[in-house]
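Data block below; observations after.
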Amino acid sequence: MDFLPSSIQLSYLVASALFIIGLKQLGSPATARKGNLLAAIGMLIAIVATLLDQAVLNYEMVLIGMAIGSAIGAIMAQRVEMTAMPQMVGLLNGFGGAASALVAVGAFWKVIHGVNAIPVDETVTIILSVLIGGITFTGSLLAFVKLQGLISGSPITFPFQQPFNITLLAGFLAGSAYLIVNPKDTTVFLALVGISLLLGVLFVLPIGGADTPVVISLLNSFSGLAASAAGFVLMNNMLIISGALVGASGIILTQIMCKAMNRSITNVLFSAFGSGKKVEGSTAAGIEGRALRSIDAEEGAMMLGYAKSVVIVPGYGMAVAQAQHAVRELADQLERLGVDVKYAIHPVAGRMPGHMNVLLAEANVPYPQLYDMDDINPEFDRTDVALVIGANDVVNPAARSDAGSPIYGMPILEVDRAHHTIVIKRGMSNGFAGVENELFYKDKTMMLFGSAKEMVTQLVSSVKEL
Amino acid sequence: MDFLPSSIQLSYLVASALFIIGLKQLGSPATARKGNLLAAIGMLIAIVATLLDQAVLNYEMVLIGMAIGSAIGAIMAQRVEMTAMPQMVGLLNGFGGAASALVAVGAFWKVIHGVNAIPVDETVTIILSVLIGGITFTGSLLAFVKLQGLISGSPITFPFQQPFNITLLAGFLAGSAYLIVNPKDTTVFLALVGISLLLGVLFVLPIGGADTPVVISLLNSFSGLAASAAGFVLMNNMLIISGALVGASGIILTQIMCKAMNRSITNVLFSAFGSGKKVEGSTAAGIEGRALRSIDAEEGAMMLGYAKSVVIVPGYGMAVAQAQHAVRELADQLERLGVDVKYAIHPVAGRMPGHMNVLLAEANVPYPQLYDMDDINPEFDRTDVALVIGANDVVNPAARSDAGSPIYGMPILEVDRAHHTIVIKRGMSNGFAGVENELFYKDKTMMLFGSAKEMVTQLVSSVKEL
Amino acid sequence: MAEGLIAGLVVFVLASFIGFEVINKIPPTLHTPLMSGSNAISGIAIVGALLVAGDRNWSLTVILGLIAVVLATINVVGGFLVTDRMLQMFKKKEVKA
Amino acid sequence: MAEGLIAGLVVFVLASFIGFEVINKIPPTLHTPLMSGSNAISGIAIVGALLVAGDRNWSLTVILGLIAVVLATINVVGGFLVTDRMLQMFKKKEVKA
Ligand SMILES: NC(=O)c1ccc[n+]([C@@H]2O[C@H](COP(=O)([O-])OP(=O)(O)OC[C@H]3O[C@@H](n4cnc5c(N)ncnc54)[C@H](OP(=O)(O)O)[C@@H]3O)[C@@H](O)[C@H]2O)c1
Ligand SMILES: NC(=O)c1ccc[n+]([C@@H]2O[C@H](COP(=O)([O-])OP(=O)(O)OC[C@H]3O[C@@H](n4cnc5c(N)ncnc54)[C@H](OP(=O)(O)O)[C@@H]3O)[C@@H](O)[C@H]2O)c1
């Protein structure tokens, strides 16, 4: 709880500055990698400075712990698939939250065995740290488990969920009040820890698998706040600053996702604490009987190969099928034939902000070829073929026209304005939002049924033969 | 030197946040006024919180002082002409710097009469505060005097100026070292104060009147740093934060001005500390004998009235002549005739960043009609008449073509690309940079000699008669 | 004391980052008001002046403090008012445009 | 102590402002790396863990601290490496484009 010596404090300041500069540089593709490196260097400085603190005596154990952690972290980072990024972030996030919570619990143990009276604000910060850290921990783990498909991704609800949650929260508040008066009561403290962990589970339980990325981003913000709270417990600026940075970043990303889905944060938060009434039946009446135009890869290749301009619209399906490399190849082949190829990236295509960008970057697509929604929408009028690969909600015209649709108001990629639209998907099942898509029934739309990777690969070979 | 009670600290935090939010809102014309108000409220909170501090006992005197200051400030703010903004900011800035320096001197007096030993870092911060505050004070006052025309604006140099400055600085450093060892030596302290004040004068003396705005911006940054330094002396976060904000803002504005003039900050700084070798003769040889085409207002009005598109390029001359209202009227008349009128704003037109914007705003020109250099330059090819009003350097093609010119490399408004160019100025004297302007001798250029206000007013009445 | 210095340094560095980020976004149109507005903020030295001038017992410190109070108040009041005067002009336009 | 709390609060507020300013400028292309990068930074909890785990004498605090060290290290190392892996892809492109 004591102040740290100046040199360590100064190192912390340098480390914090490196974090800030690193985040700034993450803002441009050209400098992003250097930015990440700078942030990592900042972390190293912070760790080394801390190890030089005289409070750290137990070197061997600490270093062994770090070695184990590094090994696990490195292996995880190497093994993970690019498509599994959301759950990876979720899992790491959970670890961070757990660490913050454990720090607070450890600090609690230290103070209750100390001789001094425990000041109120210290108890408060410890409780806060346990709460945020605990929720982050179990919430993130559950989100990971859901996204990884270890349990069903559909929202899980049970009777009286809302009242139960409220009771738990009230219990937490009551326990906190009690603990502030009697700071040394271990039982109550442990109960608070338990409630925090439970709250994390209950927070994520009712959220559908597809909504989980938003929650992960929010929990990322929480993990930052947890670190800040731990910083208040230990009176450590390093923790406070970095925590605040992460907290802000998580909140902004959450906002961006919510905005792009045309839902408010409170809506996400409340539907999280409430019951999942997400999955609704189709609304657009009269679609059922309508005819689809289905084509095969050869026909598709003809259309694409003889077009002047093609806009590729990737979505979640491309990510699932890992079709990005095939897509890149298709674009190459088309360009060889003189076709002008662009990619249209919807801000919430896929399941994470920037999801498509990462995948396409993995497949070596030059990023000047990627166009934001606002830039590409005016182009569709002049586009010969829009090729939709495993996207659904982000191209659903109901968002523009059907005021009753759950996605009404969400800005979309207006592929229905192109002269022709080819849609690759496996069947007629709905996208994340669970609504029918009238686009598939339009005259200008051709369906190319099959898994994205297979279909695109077939397109490639057919285009090669043109 | 003691810590302040929590409630005051919290008020300071709120005030700092208001400053930040205020500055953010200053970033858009729609919210700028509210932003300024927020910042003012922040200041009020900071002042009230400080008055509630138990250290302030001498209420009557303090309040009287504030009343006097408010009255003077309010009158100055009301009376000042919009064209006199640079010197107004300079003067106010000087007062701020003086206040910071006085605070440091006062604090010094308090500590040397205290009983405790004076810690080294306190002496250092006091010295720093005196240095920055002193330079800001006299430097800003001198800049004011120059800009106001109370003394000649041309750079003032004397023999051995450089060695003299260096000696002074060395003396200051030596004195500081001595004072750190013997913190109670009043004579040395006063000598340091004197040197600081002298340095401010010497800093600004060799700078030409037209370069002064850059220096004012830099001194503005200094005054922020002075406040920060005073904050370190008093251990006061409020001062540190606001000082840092102002420091950053001043430095950025200085950079922007330097960049737009294609000079480096160090160049400005060094030529400031060196001798003013600014005023050079004309370089573009062979101009002398060439013919000018001079027209009168009626001919000008014909050209303007029958043009399809006119781009108005205002410069320092418009500011001096206070011609902005007439210019606005001219634009109105032209628009009445169906002419498309735009304004091209060079980043360093006039004598302050954003100078033209303020003047044209005063004359009610809608700001969507104002175009930045980068946006308007591609338009000149399609422009029938470019009307240059009292601008010179910012339209000088030598910046593009003549590698020997002092303004070579400075980005300019490319009026010579327009089908015709009309230039309003009083005679053939050069602009701020002191170089000849070949533009005036081009075939497509017509000169309309006279003071900007008169000439534009004549243009208005002639256009009315079309 | 060295502690306080470092705490101050942390605050200073963070505030500078904010300054750079915020100011860098401000468009040229508003640079003159920005200059005078931030100049007004630099009048925050008034807080220091108040603390120094507040003593009941007359001393050189108090006198210097009082002068500082007057000067800083001019800076603050003049700065904010003149900025407002400038911005008022921008405001009017907005309604029209 | 309340002093420290407020000092901490000041730092927290300032850092939050910086976070908002900096992050808001980051284009959508880089949002996924940003998410994992900032997640790695949140592993800074490791500093707290080290301080808590460092005691020579075994106690519950030390054990909890050590677990925290392991978890936080995974977060840090995994986070930075995976971010780098992602960004490497962006990098390559740049050379090509
Ligand atoms: N990006 C984010 O940050 C984020 C975060 C949270 C939520 N969301 C939400 O996620 C949705 C994203 O929209 P989206 O258009 O990208 O995806 P989507 O609406 O979820 O639709 C994906 C489509 O891909 C098809 N598909 C699945 N696997 C496939 C495979 N292997 N091959 C080919 N097709 C396959 C599916 O149809 P079939 O089963 O018939 O093939 C499905 O209709 C939005 O509603 C958004 O709000 C996004
Ligand atoms: N904006 C800033 O932040 C800033 C700061 C520092 C320096 N500067 C420098 O200032 C210069 C600004 O360029 P500029 O083109 O705006 O101005 P300029 O180059 O200084 O030229 C102004 C011209 O206006 C004419 N003029 C003066 N009074 C007039 C009147 N009453 N009526 C009509 N014309 C009049 C003058 O010629 P006559 O005498 O023949 O009429 C002079 O040639 C640049 O060199 C820039 O680097 C700008």
Side-chain angles (χ1 to χ4, degrees), chain B residues 23-24 26-27 29 32-33 36 40 46 50 55-58 65-66 68-70 72-73 76-77 89 92-93 95-96 98-100 102-103 105-106 109-110 119 121 220 223-224 227 230 232 234-235 237-238 240-242 244-246 248-249 252 347 352-354 357-358 361-362 366-368, chain C residues 1 4-5 8 11-12 15-16 18-20 22-23 25-26 28-29 31-32 34-39 41-45 47-54 56 60-61 64-84 86-87 89-91 93-94 97:
Chain B
L23 280 176
K24 268 181 73 103
L26 262 181
R33 208 175 161 202
N36 187 50
T50 311
V56 179
L57 293 169
N58 197 355
M66 286 179 58
I68 297 175
S70 302
I72 300 178
M76 283 173 63
V89 173
L92 292 175
N93 203 33
F95 291 164
S100 297
L102 287 173
V103 169
V105 175
W109 238 253
K110 205 178 203 167
D121 53 359
N220 189 18
S223 78
F232 277 98
L234 300 172
M235 278 301 143
N237 274 340
M238 181 80 234
I240 297 179
I241 295 175
S242 344
L245 291 175
V246 176
S249 123
I252 291 175
M352 276 191 110
N357 300 81
V358 173
E362 186 195 358
Y367 57 74
Chain C
M1 187 73 203
L5 206 63
V11 169
F12 180 76
S16 302
I18 298 179
F20 279 105
V22 170
I23 308 293
K25 276 189 203 154
I26 298 183
T29 318
H31 278 168
T32 299
L34 166 66
M35 199 156 158
S36 77
S38 75
N39 177 44
I41 292 180
S42 80
I44 190 69
V47 164
L50 290 175
L51 290 175
V52 163
R56 259 251 167 272
L60 188 59
T61 301
L64 293 178
L66 281 177
I67 302 177
V69 166
V70 176
L71 293 179
T73 312
I74 298 179
N75 186 353
V76 169
V77 174
F80 280 121
L81 285 182
V82 93
T83 310
D84 190 65
M86 269 189 265
L87 291 174
M89 297 163 186
F90 284 89
K91 204 65 207 226
K93 231 88 325 95
E94 215 213 337

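Just so it is clear: chains get the letters A, B, ... in the order the sequence lines come, proteins before strands, and each one is counted from 1.
- The most heavy-atom pairs under 4.5 Å with chain B, out of C/V11, C/T83, C/I41, C/I67, come from C/I41.
- Proximity to chain B (any heavy atom under 4.5 Å) is restricted, for C/L66, to the side chain, taken from C-beta onward.
- With a 4.5 angstrom heavy-atom cutoff, B/M76 touches chain C only via side-chain atoms.
- For a residue to count as touching a neighbouring chain, one of its non-hydrogen atoms must lie under 4.5 Å from one of that chain's; by this rule B/A32 touches chain C with backbone and side chain alike.
- Tested against B/M66, the residues C/V76, C/L50, C/V70 include a single side-chain contact (heavy atoms from CB on, under 4.5 Å) partner, C/L50.
- Looking only at side-chain heavy atoms (C-beta outward), C/T73 and B/I68 stay at 4.5 Å or farther from each other.
- Annotation: side chain of C/T32 is not in contact with side chain of B/V89 (no heavy-atom distance under 4.5 Å).
- Residues C/S42 and B/A227 approach most closely at O-CB, 4.2 Å, considering heavy atoms.
- Looking only at heavy-atom pairs under 4.5 Å with chain C, the residue among B/G96, B/G224, B/S249 that has the most is B/S249.
- Among C/G19, C/G48, C/S36, the residue with the largest count of heavy-atom pairs under 4.5 Å with chain B is C/G48.
- B/A77 approaches C/L81 most closely through the heavy-atom pair CB-CB, 3.5 Å.
- Applying the side chain to side chain donor-acceptor pair (under 3.5 Å) rule to B/S242 yields no partners; only residues at least two apart in sequence or on another chain are considered.
- Between the CZ atom of B/F95 and the CD1 atom of C/I74 there is a distance of 5.0 Å, given to the nearest 0.5 Å.
- In this model, a donor atom of one side chain and an acceptor atom of the other lie less than 3.5 Å apart for B/N220 and C/S38.
- Atoms OG and CD1, from B/S223 and C/I44 in turn, are 12.0 Å apart once rounded to the nearest 0.5 Å.
- Contact record, C/S16 with B/A248: O-CB, 3.9 Å, taken as the closest heavy-atom pair.
- Contact detail for C/I26 and B/G27: the closest heavy-atom pair is CG1-CA, 3.7 Å.
- Contact detail for B/G106 and C/V52: the closest heavy-atom pair is CA-CG1, 4.3 Å.
- Counting heavy-atom pairs closer than 4.5 Å to chain B, the top-ranked of the candidates C/T61, C/V22, C/I18 is C/T61.
- Here the straight-line distance linking atom CD1 of B/I252 with atom CE of C/M35 works out to 13.5 Å at 0.5 Å rounding.
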Verify side chain to side chain contact (heavy atoms under 4.5 Å, CB included) between C/L60 and B/V105, making sure each step is shown before the conclusion.
CA-CA 9 Å; C/L60 188 59; B/V105 175; 5.8 Å; no
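- The structure places CG of C/N39 at 4.5 Å from CG of B/N93, a figure rounded to the nearest 0.5 Å.
- Rounded to the nearest 0.5 angstrom, B/K110 NZ and C/L51 CG are separated by 7.5 Å.
- With contacts defined as side-chain heavy-atom distances shorter than 4.5 Å, the pair B/L23/C/L34 qualifies.
- Atom CZ of C/F12 and atom CG of B/N237 lie 12.5 Å apart (nearest 0.5 Å).
- When the side chain to side chain donor-acceptor pair (under 3.5 Å) test is applied to C/N75, no partner is found at least two apart in sequence or on another chain.
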